[in-house]
*Asks:* 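Please see the structure below; I have some questions.
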2 protein chains.
Amino acid sequence: MTVSLLQRILHERDEMRPAERRVADYVGASPSEVIHMSMARLSELCSVSDPTIMRFCRRFGFEGYQDFKLNLAQSLVPSAPFAYEQITPQDSVANIVRKTCRNSLNAVQRLAEDLDPEQVGEGARLLQAASWTGIYATGISEVNALDAEHKFQRLGMRCQALLGKQRQWMHAERARPGEVALIFSQSGHTKQMVEVAIAARAGGARVVSVAAADSPLARVSDAVIAVLPYDRTELMTPLASRLNHHLVTNMLVTAIAIASGSEFPDQLPALDSWQTDKI
Amino acid sequence: MTVSLLQRILHERDEMRPAERRVADYVGASPSEVIHMSMARLSELCSVSDPTIMRFCRRFGFEGYQDFKLNLAQSLVPSAPFAYEQITPQDSVANIVRKTCRNSLNAVQRLAEDLDPEQVGEGARLLQAASWTGIYATGISEVNALDAEHKFQRLGMRCQALLGKQRQWMHAERARPGEVALIFSQSGHTKQMVEVAIAARAGGARVVSVAAADSPLARVSDAVIAVLPYDRTELMTPLASRLNHHLVTNMLVTAIAIASGSEFPDQLPALDSWQTDKI
DNA sequence: TGTCAGAATGTAGTTATGCTATATTTTGGC
DNA sequence: GCCAAAATATAGCATAACTACATTCTGACA
């Protein structure tokens, strides 16, 4: 969970020597003014030299005052972190609605913070170039595979969601160059998925996995879209956090739609708009 | 609803002359990079002069490039309320990731505001009491039906996702008292879903629909869980807003799990925790 | 079609700012 | 008190932001 710059400044204040402490106090007291100030002005107001300001910025990992100011500006924007709230047996339906939405917001925010766009871009490129894509998932993640199948097929991609151990094995063993195996696994520790990845690669296919970084599945993949798994080991993954794979699919679909020249890439014409009759 | 700087840039783009438009396009495409750039670098990349950048910043009310960059940096921070940002063909993958998350946050927030917990509660009661539930959806919403099937079955409920016109018709015609038809339709205008609802009710089953209020489907349902449809009539429903039915399913599952006495109602033990081997 | 005025845009130059190199002062251990 | 290291400042350079003025483009009108 991200700690804001202002909090870090407050937290490290007491470890600073007097001059830097004066900077910390001033920034902490008047951040909105500071973001619009030159370094010279700030150093004058704090009765310190310019290089002390630089050292202050460097203490927090910034290359210079410019980067520091930009981050400080961003840390002024009110954004809930939406803390996770467990739903308990005593909760009313109204609380269920509220907490479900809140926990979903938490899951989306975490994804926004953690996801590396380079990885999404790489995954999209491999998928777009594939002659055929097998989409693999087990258990409750199977719905992610089906969702991806629908959406990719809407883009005209040749692909299939492969459910069930035998069907998955049958396709992974016959994987060939030019194909892609797209694998969804929250933990990246599902044995079947790891074996599928190994088999698909052995046949010459590329493996794109949507899984936890540094997981067994990640280690046998060509491209990983790393999605941080929920880290409460004593509890099972809450329903809300399962949104993240769903969102990654949307991103892949959108990236491929753009690369394919779509005008409205985030609005796939719903199948029901041309296949279903309306009243 | 606050309009962000990025949206204003997109909105005013078409009124600009070519040079300023090049700036608008570049800033719109790569805001995260722009905030860290010098004016000289940006002007070089856009093939415009420095004063053109200044004029661009002044157009939006800023005194200079510094103020512009600070505001742009802040407009990149997801904040409540999360304004919808359309993904355009010029968007980088980083923008796709950012906007997908942002638009998903927007969709969840809208749901939190609009959803009536009474309706969710009523829907959950009917579903919990059902001897058997048929789950109906068409087109891209079929994945919602499959998701619901998985989760309800995990609760021990007798249910089945019914996909395809003939299978749906076959089951709706043979609906009987004590059963429930759960129907997902974003618009509530899908003809097949309305006909299914009418047939199921004629057989004595109860109809729970997750659809737009005041829709044809809502009018032939026993219980409606009203989900506001996306109101951009000229555009198709964006991918992000399709989260809402997924969340309603989570709420129903959680409410039924609580009513059934579950200790951790929002954390279905994932199927994969007892059906899949881990490494 | 040519002319002209206003708008759009660029070039050249100045000032301010961010940043670095080096000097000076302060602090703490012995 | 001495000395070395850490903290801090002074001085100066490079470049970034910005301004003043010049040039080019565009559209209206004769």
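This structure is a prediction, so every number in the text was calculated from the model and none was measured. Computed over heavy atoms, backbone and side chain alike; hydrogens, waters and symmetry mates excluded. Order of the sequence lines fixes the chain letters, A, B, ..., with proteins taken first and strands second; residue numbering starts at 1 for each chain.
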*Asks:* Could you say whether B:Gln66 or B:Pro51 is positioned toward the 5' end of DNA chain C, judged by the nucleotide with the nearest heavy atom to each?
*Replies:* B:Pro51

*Asks:* Output yes when at least one side-chain N/O atom of A:Thr52 is less than 4.0 Å from OP1 or OP2 of D:dA9, else no.
*Replies:* yes

*Asks:* Could you please name the option among D:dA17, C:dG10, C:dT17 that lies closest to any side-chain atom of B:Tyr65?
*Replies:* D:dA17

*Asks:* Over how many whole Å does the gap from B:Glu63 atom CD to D:dT19 atom C1' extend?
*Replies:* 14 Å

*Asks:* Starting at CE of A:Met39 and ending at P of D:dA11, how long is that distance when rounded to a whole Å?
*Replies:* 18 Å

*Asks:* May I ask you to check whether A:Ser260 and A:Gln128 show a side-chain donor-acceptor distance below 3.5 Å?
*Replies:* yes

*Asks:* By nearest atom, which of the nucleotides C:dT11, D:dA17, D:dT8 is closest to the B:Ser49 side chain?
*Replies:* C:dT11

*Asks:* Measure from CE on A:Met54 to P on C:dT22 and round the result to the nearest Å.
*Replies:* 17 Å

*Asks:* Run A:Arg125 and A:Glu122 through salt bridge (charged side-chain N to carboxylate O under 4.0 Å, His left out) and show every step you take.
*Replies:* CA-CA 5 Å; A:Arg125 280 187 290 275; A:Glu122 180 61 18; 3.2 Å; yes

*Asks:* May I have the step-by-step check of salt bridge (charged side-chain N to carboxylate O under 4.0 Å, His left out) for A:Glu44 and A:Arg41, ending in yes or no?
*Replies:* CA-CA 5 Å; A:Glu44 180 187 317; A:Arg41 180 66 178 146; 3.0 Å; yes

*Asks:* Does a nitrogen or oxygen in the side chain of B:Arg58 sit under 4.0 Å from OP1 or OP2 of D:dT19?
*Replies:* yes

*Asks:* From C:dG10, D:dT10, C:dG18, pick the nucleotide closest to the side chain of B:Arg55?
*Replies:* C:dG10

*Asks:* OP1 or OP2 of C:dA8 less than 4.0 angstrom from a side-chain nitrogen or oxygen of B:Arg21, does that happen here?
*Replies:* no

*Asks:* Can you tell me how far P of C:dT26 sits from CE of A:Met16, to the nearest Å?
*Replies:* 22 Å

*Asks:* Mark yes or no for whether B:Lys69, through its side chain, and B:Met37, through its backbone, hold a donor-acceptor pair below 3.5 Å.
*Replies:* yes

*Asks:* Would you classify A:Ser43 as touching base, sugar-phosphate or nothing, given that sugar-phosphate means primed atoms plus P, OP1 and OP2, and contacts are heavy atoms under 4.0 Å?
*Replies:* nothing

*Asks:* Round to the nearest Å and state the distance from B:Glu44 atom CD to D:dA17 atom P.
*Replies:* 13 Å

*Asks:* By nearest heavy atom, map B:Arg17 and A:Val48 onto DNA chain D; which one lands nearer the 5' end?
*Replies:* A:Val48

*Asks:* In whole angstroms, how far is the P atom of C:dG10 from the CD atom of B:Glu20?
*Replies:* 10 Å

*Asks:* Could you tell me how far apart B:Met37 (CE) and D:dA16 (P) are, to the nearest whole angstrom?
*Replies:* 13 Å

*Asks:* Please tell me if the side chains of A:Ser215 and A:Arg219 come closer than 4.5 Å, counting only heavy atoms from C-beta onward.
*Replies:* no

*Asks:* Please state how far atom CD1 in A:Ile53 lies from atom P in D:dT10, giving the value in whole angstrom units.
*Replies:* 13 Å

